[in-house]
There are 2 protein chains.
Amino acid sequence: MLTDRQLLILQVIIDDFIRSGQPVGSRTLSKKEEISFSSATIRNEMADLEELGYIEKTHISSGRVPSEKGYRYYVDHLLSPQRLTQEDIKKIKSIFAERIYELEKIVQKSARILSDLTNYTSIVLGPAVKDNKLKRIQIIPLNKETAVAIIVTDTGHVENRVITVPASVNASDLEKMVNILNERLLGVPLIELKDKIYKEVANVLRTHIRNYDSMLKTIADTLDVPQEEKMFFAGKTNMLIQPEFSDIQKVRSLMMMIEQEKDFYRLLRKHSKKGIQVTIGRENQLSGMENCSLITATYSVGEEQLGTIAILGPTRMEYSRVITILNRVASDLSTVLTDWYQNN
Amino acid sequence: MLTDRQLLILQVIIDDFIRSGQPVGSRTLSKKEEISFSSATIRNEMADLEELGYIEKTHISSGRVPSEKGYRYYVDHLLSPQRLTQEDIKKIKSIFAERIYELEKIVQKSARILSDLTNYTSIVLGPAVKDNKLKRIQIIPLNKETAVAIIVTDTGHVENRVITVPASVNASDLEKMVNILNERLLGVPLIELKDKIYKEVANVLRTHIRNYDSMLKTIADTLDVPQEEKMFFAGKTNMLIQPEFSDIQKVRSLMMMIEQEKDFYRLLRKHSKKGIQVTIGRENQLSGMENCSLITATYSVGEEQLGTIAILGPTRMEYSRVITILNRVASDLSTVLTDWYQNN
DNA sequence: GTTAGCACTCGGACAAATTGAGTGCTAAAT
DNA sequence: ATTTAGCACTCAATTTGTCCGAGTGCTAAC
């Protein structure tokens, strides 16, 4: 549909605009070494590109800026692959410098390094706890009424909650109960726990424990662990450097959106397809994101997807560089974690 | 030092400026009902007040705005006590509407309500874990090499960490060891744990456990729980509404300061005196805080201070209202928590 | 000691003029 | 049939000048 020359012009416009942030005019373009025809020709081509919706003017006699459609085409077809510098690679490696003990730590560190590397905001979705398998349940009485219930998973993740223990349940009952639970539920993924308790463990409990029913619901509720992955942000203030956010109103709506977390989490969940995903501006369907793009990659252990790493930047983002970095971090993360899980 | 009339004028200037955000001129002042003398007189008085450093001009023929010294005097001597509306009280009560299970939850909720109530940013310093007393230690093996160590405190707080277990330590050793630790350390404040292990428990371990030394350091390190209280923020974006932060540069330096957390935590720790504390603008000695004031109150259980609740706003802050609200929330929080601890 | 009056200052709002980067269109050149 | 040079035109941004209003300081009268 587009001629080679139009593609060339589109690419150069977007590259230049990403670099400078300024609308690009025909004269500027004609001076580029890639371009060997006059500004008048360029003007004609630009008029066509505009008609097709790939570029826009900010006012009637201004240079052109990419439209969302333009960025979309650029991302889908025109990206010039980037190479990482030694320094970049060094920084990425530094994520894995220390021995890993806890998943969350390394995930948090990834977020920090990513924002550092890109100067945008990074968001990392930690591994979903729900797929971890139960290692141990423990209930530790605090006083007559309350106890703290603790769940340990095979990955070393610990969930805990304070619960009320009915007066009718005594310490030995509690202990017996915990033993049964541990016996029956070892290795069960957390998300199936609740179901399993009602279907398989309830019966056993009934035969062994007095008053089992008064505890059953409490226990089941406790084991009903949060479904949502934790979200880690880093570099939230990086967006404030971007010239497109010199308008305090835009900053405000963006920051509120981020602070609210819920909508943003949902958006991120839509990006769970494997590989790199890019959504540009209003494609994100979230107010406050009109001027932002979101790029995500997923990391996995073996074949199983664990989580998502993402970069949030202005639509005028260095797509090429960010994609390269995300790819690299996601793949390194996958390798390291796969290794780690195997020794677990 | 200042005459009554000067005080009156200072107070009215600050009240008006806090309300409007605009420099206050002699004509505006002379129309206030509290004021019964002419604008010329006011001009004379204002010239004096300026000379003494309580007010400033933004340019040579502008109205006056309060200086930091002015705010300081205002806060120390001129505050007109405020009454909370029914609505305010209702919101504050809503913090305590649900049954408390975990301290952190209620502390987080306080932060949310505070920012909601004031339209400024609120920060809450949670109870320091270090003063909690040990309820139970648990070590749960994950595989040959690693285990997760869990510490439960009397308040139901759970700390956990993944540790490496030397191959030479077997499961029964581990169990014995945990038993000894629990026996000897029950009720010890977390901050004293490490010390106590070396001084009192090491000997016992030596006599009962093979290879006790290879574990000792690991255990001691694990029990060396973070000293710092957790900080909860709410309403970070509220500052963006304030007209004094229409300048993106100011927003940026403030936000970076907040994101960094460390300096801000230190500042907050300086506010640990009982009762209300106010620091104004550069008194905070923190870049990014030049245009901000910080007001804090502490909450306690019985006589023991637990934590701090704080409001961060522009120097042009509604001091009176904020102080009233903080006082109320701190006292309610103290009452509820004291009660809660007693039943613990 | 207080106030009215006056000359003066400055910021903000507005309009007019200027500049420069950019466009679209047309006719000539290739 | 493309490409390009040239030209008229547009608009944002900057500069300049003007005016107004809110405010001040000072002085002389009350």
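Below, chains carry the letters A, B, ... as their sequence lines are ordered, and counting in each starts from 1.
- Note on residues 33-42 of chain B: no pairs pass salt bridge (charged side-chain N to carboxylate O under 4.0 Å, His left out), not counting sequence neighbours.
- One can place CD1 of B:Ile42 at 14 Å from C1' of D:dA22, the figure rounded to the nearest angstrom.
- Distance, A:Asp16 CG to C:dG22 P: 10 Å, rounded to whole Å.
- Among residue pairs with one or both ends in residues 59-80 of chain A, those qualifying as salt bridge (charged side-chain N to carboxylate O under 4.0 Å, His left out) are A:Glu50-A:Arg64, A:Glu68-A:Arg282, A:Arg72-A:Asp76, A:Arg72-A:Glu283; sequence neighbours excluded.
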Side-chain donor/acceptor pairs under 3.5 Å, residues 13-27 of chain A, sequence neighbours excluded:
from    : atom 1 : to      : atom 2 : distance (Å)
A:Asp15 : OD1    : A:Tyr74 : OH     : 2.6
A:Asp16 : OD1    : A:Arg19 : NH2    : 2.7
A:Asp16 : OD1    : A:Lys32 : NZ     : 2.6
A:Ser20 : OG     : A:Asp16 : O      : 3.1
A:Ser20 : OG     : A:Gln22 : N      : 3.0
A:Ser26 : OG     : A:Arg43 : NH1    : 3.2

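- The side-chain contact (heavy atoms from CB on, under 4.5 Å) check on B:Thr237 picks up A:Arg252, A:Met255, A:Met256, A:Glu259, B:Leu240, with sequence neighbours excluded.
- Near DNA chain C, meaning a heavy atom under 4.0 Å from it, residues 22-34 of chain A has A:Gly25, A:Ser26, A:Thr28 in order of number.
- Checking C:dG5, D:dG6, D:dT4 against every side-chain atom of A:Ser38, the shortest atom distance belongs to D:dT4.
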Candidate pair B:Thr41 and B:Asn44, rule side-chain hydrogen bond (donor to acceptor under 3.5 Å, both in side chains), full reasoning: CA-CA 5 Å; B:Thr41 310; B:Asn44 288 328; 5.6 Å; no

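- The phosphate of D:dT4 has OP1 or OP2 within less than 4.0 Å of a side-chain N or O from A:Thr41.
- Side-chain contact of B:Thr315 with B:Asn291: a donor-acceptor pair under 3.5 Å is absent, judged by distance alone.
- Remark: A:Asn44, A:His59, A:Ile60, A:Ser61 in residues 44-70 of chain A come within less than 4.0 Å of DNA chain D through at least one heavy atom.
- Of the candidates A:Lys273, A:Gln277, A:His271, A:Lys270, A:Thr296 forms a side chain to side chain donor-acceptor pair (under 3.5 Å) with just one, namely A:His271.
- Just one of A:Glu261, A:Lys262, A:Arg269 meets the side chain to side chain donor-acceptor pair (under 3.5 Å) condition when paired with A:Tyr265; it is A:Arg269.
- Atom pair B:Asp4:CG and C:dG1:P shows a separation of 16 Å (rounding to whole Å applied).
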